[in-house]
Amino acid sequence: MITSDEGDGDVQPLWLRDGPATGELWTRVYAARTRAGLWPLLLDSLDPSDVRFRPWGSGEIFPEQMSSPASHDPARLLAQWWATHTAVDEDDDILDADRRLAVTAPFGQTWPGLASSRETTTNPDQLAAEFVQAFLADRPQTRLGLVAAASGAEALTAAGWAGPGNYDNDTAKFSAVARDREHRFGARVVAVGFATLHLSVASPPADEREALLVAAEHFAFCPDTIWQGSRPYTLAAYAERITGAHHWDFGWD
């Protein structure tokens, strides 16, 4: 059991395995998640060589600071975040107004609204299991965590994860958006790091128009996905990369 840094030391929101996770163990626990009331998350650390396994092993988790995901409207959150991230700052010494708006072309500062839900033709749970195997192959130091939650999105808040704290320190808002993606795209929260989030996606966007709308959602949710991602740093280029992609990766700097 991991004790949170906050409070009087009596909050233990997370079970953390001592050693590396295995796909077989994740599969067994995932199959029992409803009966056990525990959601399995693959947990990555900030520095694989650090024995503290931050933030999980070090207790840098803050569940008591969070609100409830049910208190937030995902569409409203994304529209608010979009407005914040596309606002032109005259004092910005990195991007001038034209270059900043070019990042979010063809929408500029206009929020395009949510992408439509897509029918799930692939089994979301099977796809999550496949992504687990790929994730563990790439990050063998990953451990298994168990959180008392009904879904992966809700587990982020219940565990007290503070990854997006540089933008908003209430993880429940990000959980609300992730939960909406579970319903609209057959997404599953598979892995979480210090400030990273990894989802499997059963029904990704299939064409350019859909992908641009999803890319706009991703920019609102985590602008560093594009600002700090792969070149070129534009919504259009990012949309091209996520078309048909069965996993979405986010990182907040």
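On a predicted model such as this, the values are computed, not experimentally measured, just so you know.
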Can you see which heavy atom on [X] is nearest to which on [Y], and at what distance?
X: Pro13; Y: Ala159; answer: CG-O, 3.7 Å
X: Pro74; Y: Ala176; answer: CG-O, 3.5 Å
X: Cys222; Y: Phe250; answer: CB-CD2, 3.9 Å
X: Asp253; Y: Gln228; answer: OD2-CG, 3.0 Å
X: Thr142; Y: Leu43; answer: CG2-O, 3.3 Å
X: Trp26; Y: Ala129; answer: CZ3-CA, 3.6 Å

Side-chain heavy-atom pair [X], [Y] within 4.5 angstrom cut-off:
X: Val192; Y: Trp56; result: yes
X: Ser4; Y: Glu64; result: no
X: Arg181; Y: Val201; result: no
X: Arg52; Y: Glu60; result: no
X: Thr171; Y: Trp161; result: yes
X: His246; Y: Glu130; result: no
X: His247; Y: Val190; result: no
X: Leu197; Y: Leu156; result: yes

Got a second to check how far [X]'s [atom1] is from [Y]'s [atom2], nearest 0.5 Å?
X: Leu101; Y: Thr110; atom1: CG; atom2: OG1; answer: 9.5 Å
X: Arg17; Y: Thr22; atom1: CZ; atom2: OG1; answer: 5.5 Å
X: Thr243; Y: Glu240; atom1: OG1; atom2: CD; answer: 7.0 Å
X: Glu217; Y: Asp180; atom1: CD; atom2: CG; answer: 7.5 Å
X: Arg100; Y: Asp98; atom1: CZ; atom2: CG; answer: 12.0 Å
X: Ser203; Y: Glu210; atom1: OG; atom2: CD; answer: 10.0 Å

Can you tell me if [X] uses its side chain to pair, donor with acceptor, with the backbone of [Y] under 3.5 Å?
X: Arg118; Y: Pro204; result: yes
X: Glu182; Y: Ala153; result: yes
X: Arg184; Y: Ala115; result: yes

Cation-aromatic face contact Arg188/Phe131, 6.0 Å, 45 degrees: no
Check against side chain to side chain contact (heavy atoms under 4.5 Å, CB included), Phe62 and Asn169: CA-CA 10 Å; Phe62 312 101; Asn169 58 13; over 6 Å; no
Membership question, hydrophobic clusters at under 4.5 Å side-chain separation (ILVMFWY): are [Y] and [X] in the same one?
X: Val29; Y: Phe135; answer: yes
X: Ile2; Y: Phe194; answer: no
X: Met1; Y: Leu144; answer: yes
X: Leu127; Y: Leu199; answer: no
X: Leu41; Y: Trp15; answer: yes

Could you list the residues that satisfy side chain to side chain contact (heavy atoms under 4.5 Å, CB included) with [X], not counting sequence neighbours?
X: Ala87; value: none
X: Glu208; value: Leu212
X: Asp170; value: Met66, Ser67, His72, Asp168, Ala172, Lys173

For Trp39, all residues meeting ring-ring contact (aromatic ring centres under 6.0 Å, His included), sequence neighbours excluded: Tyr30
Residue pair Gln109, Val88: steps toward the side chain to side chain contact (heavy atoms under 4.5 Å, CB included) verdict: CA-CA 9 Å; Gln109 289 179 290; Val88 175; 4.0 Å; yes
With a sphere of 6.0 Å drawn around [atom1] of [X], does it hold more than 12 non-hydrogen atoms of other residues, nucleotides or ligands?
X: Gln12; atom1: CD; value: yes
X: Asp18; atom1: CG; value: no
X: Arg241; atom1: CZ; value: yes

Ring-ring centroid check Tyr167 Trp81, cutoff 6.0 Å: no
Near-ring test Phe221/Trp248, centroid separation under 6.0 angstrom: no
Residue pair Thr234, Val103: steps toward the side chain to side chain contact (heavy atoms under 4.5 Å, CB included) verdict: CA-CA 4 Å; Thr234 64; Val103 171; 5.6 Å; no
Derivation of the side chain to side chain contact (heavy atoms under 4.5 Å, CB included) call for Thr86 and Trp111: CA-CA 9 Å; Thr86 59; Trp111 169 238; over 6 Å; no
Test side-chain hydrogen bond (donor to acceptor under 3.5 Å, both in side chains) applied to Arg139 - qualifying residues, sequence neighbours left out: Asp44
Salt bridge (Lys or Arg N to Asp or Glu O under 4.0 Å) against Glu119, all qualifying residues, sequence neighbours excluded: none
Member of Tyr238, Tyr233, Phe219, Trp252 meeting the ring pair (Phe, Tyr, Trp, His ring centres under 6.0 Å) criterion with Trp227: Phe219
